[in-house]
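Presented below is the structure to which this report refers.
So that the names make sense, note that chain A is the first sequence line, chain B the second, and so on, each numbered from 1. Here the structure is a predicted model, which means the values were calculated and not measured.
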2 protein chains.
Amino acid sequence: MESDILDSHGFLIGEELEGDDFHYVEEDQKNENIGPSSIPYPSSTGSKNNDLIRNSRIGELASNKAGLQGIDKEKVKQIIYEASKNSAFYLNEEKKDEALSIKLKQMMKKYESLKKQNLSTINSKVDNLVQVAERERDLSHIIVHIDMDAFYASIEERDNPSLRNKPMAVGDNSMLTTSNYEARNYGVRSAMPGFIAKKLCPELIIVPCNFDKYRAVSKQIREIFSRYDPDYTPMSLDEAYLDITKYLDTIDESPDNVVEQIRREIHEETKLTASAGIAANKLLAKICSDLNKPNGQYRLQNNVDDIMNFIRPLSVRKIPGIGRVTERILNEMDIKTCGAILDNRVYIHQMFSSSSFNFFIRAALGIGSNIVKTDHKRKSKSISRTFSSLSKPDDLYEKLRELADHLAADLLKERLQGKTIAITFKLVNFKMITRERSVKKYIHTADDIYNIGKQVIFININRIIPLQTFESTLITFINRF
Amino acid sequence: MESDILDSHGFLIGEELEGDDFHYVEEDQKNENIGPSSIPYPSSTGSKNNDLIRNSRIGELASNKAGLQGIDKEKVKQIIYEASKNSAFYLNEEKKDEALSIKLKQMMKKYESLKKQNLSTINSKVDNLVQVAERERDLSHIIVHIDMDAFYASIEERDNPSLRNKPMAVGDNSMLTTSNYEARNYGVRSAMPGFIAKKLCPELIIVPCNFDKYRAVSKQIREIFSRYDPDYTPMSLDEAYLDITKYLDTIDESPDNVVEQIRREIHEETKLTASAGIAANKLLAKICSDLNKPNGQYRLQNNVDDIMNFIRPLSVRKIPGIGRVTERILNEMDIKTCGAILDNRVYIHQMFSSSSFNFFIRAALGIGSNIVKTDHKRKSKSISRTFSSLSKPDDLYEKLRELADHLAADLLKERLQGKTIAITFKLVNFKMITRERSVKKYIHTADDIYNIGKQVIFININRIIPLQTFESTLITFINRF
DNA sequence: ATACATACC
DNA sequence: TACTGGTATGTAT
DNA sequence: ATACATACC
DNA sequence: TACTGGTATGTAT
């Protein structure tokens, strides 16, 4: 009787939502200062069949990134769609997209009601906040963002001349990490599964990853960076920020020439090309480094007018931290450029959290951190492996054991310990579920990780197995604060 | 085996903390704009025996509020202590105080380490935030806070002349809501149990509450308020804010004279006295209304210098929203006055959340809301009753039934519905525990409340009964957002 | 504290 | 046949 | 979402 | 004999 009432009112227990998002490739970055990595959600409307390809997750694979000019985008989309449409992966993407649509619709409802309101009282408050941001502007540093061109692919080409001038990618049949520019002309790019890339370009050569080699080259270029800024920050094997302000004080050279020289040294010592952006802060430098890619550089002067003229017409999507989802939300609000962010600051203020508002405003003003020297403290350490579907708990425990051993070894290397363990299961339908547990004392041994993980799996075994057996397990070791 | 590991790492489940705080009396307020009602925690050090009386919850009963000047505070403390020391209530207060001590100690650790640091880089950021607050200052309104003097007690005296000039209080043997000024001279005050008050003043006359009468008088004074500001906001039966700016435009009178006139009309029509504060905003008006109590008023000019000179030497405890606990935290940081808040803004910024920082800074600048007209939306509706200890679940369900019926009737009057039900149990040792449940659909009927409540009790029955049977049940009906 | 989403390489 | 692996951070409950 | 603390009348 | 009843809001998990 009571439980009838309870069920009919549906206690908020164990509700299920959807999965995760796409990813790119590579490794080793120091992910920081790239703004809020989460902001509400959007999506297309009906999102049936080809529509999804057109304007969402999968469609993005055929977007207008570098190297895709002049090719038949529609044809690329069509081929990707044909190769994907009945896969579990694609079905899951569709599901996620539908969830997104619902949330976007709700946001738009709020937005429409906002447009009808008189927001003049909020205006001055918002303008105040913009002024506060403006006061953070600091034009006293020259920051450089350097990014190797098609890093892994270029290394492989360099070391095997027979690969040159042919469409080629690094990775394997299930996932590519990098493609060279010839391959990009076919629509082949990173984060694309190799078997789909082959449909786009049957003559594509796929070279397996050789991380030891990439790390060695990375070490070379980092040595070069340190000549110009001993406190440079590497963001990944092929990318770094430099503050060359002090270096410039020691010589009589323009920033442009210094960066030319860095890129020249890189080329001389590695036979590889790099692109660079030069600007007043990391945000702008990063945006700039993409502009004259490959093998080019772009200088944005440390001058408010130049910065504002540069950023105003820029697509919001160019802002690191604004991805596919956030771009779509903004687009729905008719905000396509950074200038429009500023113009719509009152709506942005009402629609988003204060931290998102600050992120958007600072980006649209071209204001960002110019602190390059960082003593980065790792916040989590994780390991994951994809394996073919399992159906017996014991098989899963065995995988857990392997991952726990591996993770514990990694933790030991850095003398890390933590209090929270998260396990992510990827089901065969590509749905991801995460379960985490916090303990009172710091732990780090494989046994501790395994035992806690086993308990977590055991408790959730019914959520995992019956749905459809799992595909992969990600153990994340999280150190909160 | 696994569960051994798990236990030894102590999963963070079902940990128990401590209870609740003291309260005053009366009813009917529109609690708003009184700042963050929570900020970390502090306490004394050893807190043994009489120490607790001296500097904590119970000691506060004998504090230096209006009416207590010139009496022997030490003697009052001693009598309260003797009357309390072995009670379950007092034991619980001691427990809470110990928990507080631990947390305060931790805060001080952080504070000490902060003092050793060079905080110059944060300085300008904090100064910016202070400027942002300063820009909110608005001196264009004249706000009045009116507060009846010893409201319930004065009404009883008025209606029964034999009570006059004798120590008297309103309430009952277990709890007093108001005391007259004669009684206050003995240390008798609101929120004190009657039986303890009798120890302080054996000849004390205790008159039972007569809410219907108080409500009728409240109606009278509200009618007067509305003559001066039709949009006045009542905060309780005996207290209100008025914005007399517009009224002043219609006549040629000073604010002081207008408020004299309001108080005169109150006295003429009710034979009761009121005190008032007149200032640029609600925060300041409220502080001012306490200054010339009883039967007086205080005007603070709408002028930055006057406001700053007024607020600078003011004890932080005078700020509504800073209670016993927060005062203690601040005192530990050597912050006793509002001026000291400003002087220590960088430490405040580092020690507290941004919302607490903003609250402190605005208070210390004398900046507050001057919006009186509010269409207040109720966020919760609750009912609670104290009853003697029960030990059978069925007895508790029966109480639940009564409270649910009552609450549902109240909800119906205001056409309210909600999605969350909270039940608070007060155990015989005065420990309070809360358990809440959210449901998906809005509910409002007694049956729904009862059934959900019963389920909640059922699930937690082992947490309640074995500990020591419960004393009272508070059902709160919460409407989130 | 948990679960999940977004984003970057 | 077949859609990774790693880290950070924001939002919602 | 849940549990609890602080604060006000 | 005996320490309320009501509402809001902040913090921590």
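- Phosphate proximity of dC3(D) to Ser174(A): absent, as no side-chain N or O sits under 4.0 Å from OP1 or OP2.
- Spacing of C1' atoms, dA3(C) relative to dT13(F), comes out at 14 Å, to the nearest Å.
- Summarising the geometry, atom OG belonging to Ser356(A) is positioned 11.0 Å from atom CE belonging to Met351(A); distances are rounded to the nearest 0.5 Å.
- The CZ-P distance, from Phe352(B) to dT11(F), rounds to 10 Å in whole Å.
- Nearest to the side-chain atoms of Arg435(B) among the listed nucleotides dT2(E), dA3(E), dG6(D) stands dA3(E).
- Contacts of Leu91(A) with the nucleic acid, taken as non-hydrogen atoms under 4.0 Å apart, are absent.
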Toss me the dot-bracket line for DNA chain E: Watson-Crick and G-U wobble, both under 3.5 Å, 5' to 3', using | for pairs to another strand and [ ] for crossers. |||||||||
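- Taking 4.0 angstrom as the limit, Thr434(A) places none of its side-chain polar atoms (N or O) nearer than this to OP1 or OP2 of dT2(C).
- Checking Ser438(A) against Thr420(A) by side-chain atom types alone, a donor-acceptor pair falls below 3.5 Å.
- A cation-pi arrangement is absent between Lys85(A) and Tyr90(A) under the rule of less than 6.0 angstrom and at most 45 degrees off the ring axis.
- dT11(F) and dA1(C) are spaced 13 Å apart, taking the C1' atom of each and rounding to whole Å.
- Considering only the side chain of Lys286(B), dC9(E) comes nearest among dA7(C), dC9(E), dT7(D).
- A distance of about 27 Å separates the C1' atoms of dT9(F) and dC4(C), rounded to the whole Å.
- Closest contact between the side chain of Phe430(A) and the listed nucleotides dT11(F), dC3(D), dA3(C) involves dC3(D).
- Going from atom CZ of Arg385(A) over to atom C1' of dC3(D) covers 16 Å, rounded to whole Å.
- Closest approach to the Ser382(B) side chain among dT7(F), dT7(D), dC3(D) is made by dT7(F) (side chain taken as heavy atoms from C-beta onward).
- Between the CE atom of Met432(A) and the P atom of dG5(D) there is a distance of 10 Å, given to the nearest Å.
- Of the candidate nucleotides dT2(E), dC4(C), dC3(F), dT2(E) has the atom nearest to the side chain of Glu436(B).
- Taking 4.0 Å as the cut-off between side-chain N and carboxylate O, Glu93(B) and Lys96(B) count as a salt-bridged pair.
- Between Ile421(A) and Val456(A), every side-chain heavy-atom pair lies at or beyond the 4.5 Å cut-off.
- At the phosphate of dT7(D), neither OP1 nor OP2 sits under 4.0 Å from any side-chain N or O atom of His376(A).
- One cannot find a donor-acceptor pair under 3.5 Å joining the base of dC3(F) and the side-chain atoms of Thr386(B).
- The side chain of Ser380(A) contributes no N or O atom lying less than 4.0 Å from OP1 or OP2 of dT7(D).
- Note: NZ (Lys381(B)) to C1' (dG5(F)) measures 11 Å, nearest angstrom.
- When heavy atoms are screened at a 4.0 angstrom cut-off, Ser353(B) is found touching the sugar-phosphate backbone but no base atom.
- The nucleotide whose nearest atom lies closest to any side-chain atom of Ser355(B) is, among dG5(D), dC3(F), dT11(F), dT11(F).
- You'll find that the side chain of Lys379(A) is closest to dT9(D), out of dA7(C), dT9(D), dC3(D).
- In this structure, Met235(B) atom CE and dA7(E) atom C1' are separated by 12 Å, rounded to whole Å.
- Contact annotation: Ser87(A) side-chain N/O to dA2(D) OP1/OP2 distance is not under 4.0 Å.
- The nucleotide whose nearest atom lies closest to any side-chain atom of Met175(B) is, among dC8(C), dA8(D), dT4(F), dT4(F).
- Nearest to the side chain of Lys426(B), among dT4(F), dA1(E), dT7(F), sits dT4(F).
- Ring centroids of Phe352(A) and Phe357(A) are separated by 6.0 Å or more, keeping the two rings apart.
- Protein atom CZ of Phe151(B) is 12 Å distant from nucleotide atom C1' of dC9(E), rounded to whole Å.
- The distance from atom CG of Leu330(A) to atom C1' of dT6(C) is 13 Å, rounded to the nearest whole Å.
- Minimum atom distance to the side chain of Asn173(B) is reached by dT1(F), of the listed dC9(E), dT6(C), dT1(F).
- Atom-to-atom, NZ of Lys377(B) to P of dT7(F) comes out at 18 Å; the value is rounded to the nearest Å.
- Tyr214(A) and Phe211(A) have their aromatic ring centers within a separation under 6.0 angstrom.
- Residue-to-nucleotide proximity on DNA chain D shows that, of Phe195(A) and Glu414(A), the 5′-proximal contact is made by Phe195(A).
- Arg189(B) is not listed as a side-chain neighbour of Leu176(B), based on a closest heavy-atom distance of 4.5 Å or more.
- Residue Glu239(B) comes nearest to Asp147(B) through the heavy atom pair CG-OD1, 3.8 Å, listed as atom of the first residue, atom of the second, then distance.
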